[in-house]
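Take a look at the structure set out below.
The structure displayed is predicted, hence computed values, not measured ones.
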Amino acid sequence: MADFENLPIRVQRIAKAELQPNEEIRLCALGRSSLLHPDFVLITTLRVLILNERYMGSLAISYANIRCNVFFSEIRTVKLVRFLKHRIFGQARLEIDVKRNSFWIDNMSFREARRAHQFITKQIRR
């Protein structure tokens with residue numbers, strides 16, 4: 001599990017700007033969309049927030065990008081999927097379905113994905 005304080009500064013800044021005053025971060029995790037550019041998954045008391053860092057032109061200029069900002073009330077289903085490649089590397093894919101879209105957090109560690117899945121399903125049932 002990742003610590004919020006250890007995330008890149010730009011990601012922390014964007015996450016703090018998105019959070020409401022009464023909202024707390026419950027779980028931080030890393031998903032690997034590519035080898036060098038991970039997805040930073042933040043699950044709060046109200047929503048799922050997925051951020052990543054992108055680079056423009058060269059590796060010197062970067063910015064933080066919000067990939068997903070979904071409240072629990074908008075989530076229809078959440079699935080934990082493990083294909084053969086995930087089983088070999090001890091990973092999983094978390095699929096979050098909303099009304100007109102689906103968000104995938106691929107290549108998360110299986111343990112973190114299972115914790116995130118359990119927390120999100122518990123919040124959806126409320």
Side-chain angles (χ1 to χ4, degrees):
M1 186 165 82
D3 290 329
F4 183 73
E5 293 80 26
N6 293 334
L7 298 181
I9 300 298
R10 287 184 183 89
V11 172
Q12 288 182 26
R13 223 179 300 138
I14 296 292
K16 287 177 183 176
E18 288 293 319
L19 298 180
Q20 297 175 0
N22 61 347
E23 195 172 6
E24 297 177 11
I25 296 173
R26 297 290 184 193
L27 180 70
C28 288
L30 291 177
R32 301 280 179 191
S33 57
S34 69
L35 185 62
L36 297 176
H37 305 291
D39 291 332
F40 302 99
V41 181
L42 303 172
I43 300 175
T44 68
T45 53
L46 300 175
R47 71 179 102 192
V48 177
L49 186 63
I50 304 171
L51 304 162
N52 60 9
E53 261 191 321
R54 295 286 180 195
Y55 295 93
M56 293 178 7
S58 67
L59 295 176
I61 302 171
S62 68
Y63 64 96
N65 182 36
I66 298 175
R67 269 196 52 221
C68 171
N69 186 2
V70 179
F71 287 94
F72 292 128
S73 59
E74 299 171 4
I75 297 174
R76 290 188 171 189
T77 61
V78 61
K79 298 177 200 168
L80 187 63
V81 179
R82 292 187 79 192
F83 296 117
L84 180 62
K85 71 171 188 168
H86 294 123
R87 292 179 191 275
I88 291 171
F89 296 112
Q91 298 174 339
R93 173 193 289 171
L94 196 63
E95 295 180 359
I96 300 171
D97 295 323
V98 294
K99 187 174 184 178
R100 294 185 182 182
N101 204 352
S102 180
F103 298 101
W104 292 356
I105 309 165
D106 206 7
N107 302 334
M108 290 179 73
S109 89
F110 178 64
R111 193 166 148 210
E112 289 178 349
R114 187 174 52 200
R115 287 184 63 201
H117 179 263
Q118 290 171 348
F119 187 81
I120 293 170
T121 54
K122 189 169 98 175
Q123 295 298 322
I124 292 172
R125 290 182 185 157
R126 285 187 180 179

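In terms of heavy-atom proximity, N107 sits nearest to R32 at ND2-O, 3.2 Å. The nearest pair of heavy atoms linking N22 to T45 is O-OG1, 4.3 Å. Minimum heavy-atom separation, I105 to G31: CG2-CA, 4.2 Å. L94 and A113 make their closest contact through CD1-O, 4.0 Å (heavy atoms, listed as atom of the first residue, atom of the second, distance).
Linking ILVMFWY residues whenever their side-chain heavy atoms come closer than 4.5 Å, directly or via other members, leaves L19 and L46 in distinct clusters. Both I124 and I96 are part of a single hydrophobic cluster, where members link through side-chain heavy atoms under 4.5 Å apart. L30 and I66 end up in the same hydrophobic cluster when Ile, Leu, Val, Met, Phe, Trp and Tyr side chains are linked at under 4.5 Å. Both M108 and L27 are members of a single hydrophobic cluster when ILVMFWY side chains are connected at heavy-atom separations under 4.5 Å. Note on L80: it does not cluster hydrophobically with W104, by side-chain heavy-atom contacts below 4.5 Å among ILVMFWY residues.
Under a 4.0 Å N-O distance rule, the pair R93/D106 qualifies as a salt bridge. For E24 and R26, the salt-bridge test passes: some basic side-chain N is under 4.0 Å from an acidic carboxylate O.
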Please step through salt bridge (Lys or Arg N to Asp or Glu O under 4.0 Å) for the pair E74 and R47, ending with a clear verdict.
CA-CA 9 Å; E74 299 171 4; R47 71 179 102 192; over 6 Å; no
Run I50 and V48 through side-chain contact (heavy atoms from CB on, under 4.5 Å) and show every step you take.
CA-CA 7 Å; I50 304 171; V48 177; 4.2 Å; yes
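Within the 4.5 Å cutoff, no side-chain heavy atoms of I25 are placed close to those of I43. The closest side-chain heavy-atom distance from F72 to F119 is below 4.5 Å. Using a 4.5 Å cut-off on side-chain heavy atoms (C-beta onward), F40 and P8 make contact. Looking at heavy atoms from C-beta onward, K16 lies in side-chain contact with F4 at the 4.5 angstrom threshold. Between V70 and I75 there is a side-chain heavy-atom pair separated by less than 4.5 Å. Between N101 and V98, some side-chain heavy-atom pair lies under the 4.5 Å cut-off.
Within a 6.0 Å sphere centred on OH of Y63, heavy atoms belonging to other residues, nucleotides or ligands number more than 12.
With hydrogens and angles disregarded, no donor-acceptor distance shorter than 3.5 Å links the side chain of E18 to the backbone of L49.
In this structure, the separation between CG on L42 and CD on E23 is 10.0 Å, given to the nearest 0.5 Å. A distance of 9.5 Å separates CD in E112 from SG in C28, rounded to the nearest 0.5 Å. Separating the CD1 atom in I14 from the CG atom in N52 is a distance of 11.0 Å, to the nearest 0.5 Å. Taking CZ of R76 as the reference point, atom CZ of R100 lies at 9.5 Å (rounded to 0.5 Å). Once rounded to the nearest 0.5 Å, the distance linking CZ of R126 with OG1 of T121 reads 11.0 Å. In this structure, H117 NE2 and R114 CZ are separated by 11.5 Å, a value rounded to the nearest 0.5 Å.
Just one of D3, I9, V11 meets the side chain to side chain contact (heavy atoms under 4.5 Å, CB included) condition when paired with L7; it is V11.
Taking the ring centre of F110 as origin, the terminal cationic atom of R82 falls inside the region bounded by 6.0 Å and 45° from the ring axis.
Neither side chain, N65 nor E53, offers a donor N or O lying under 3.5 Å from an acceptor on the other.
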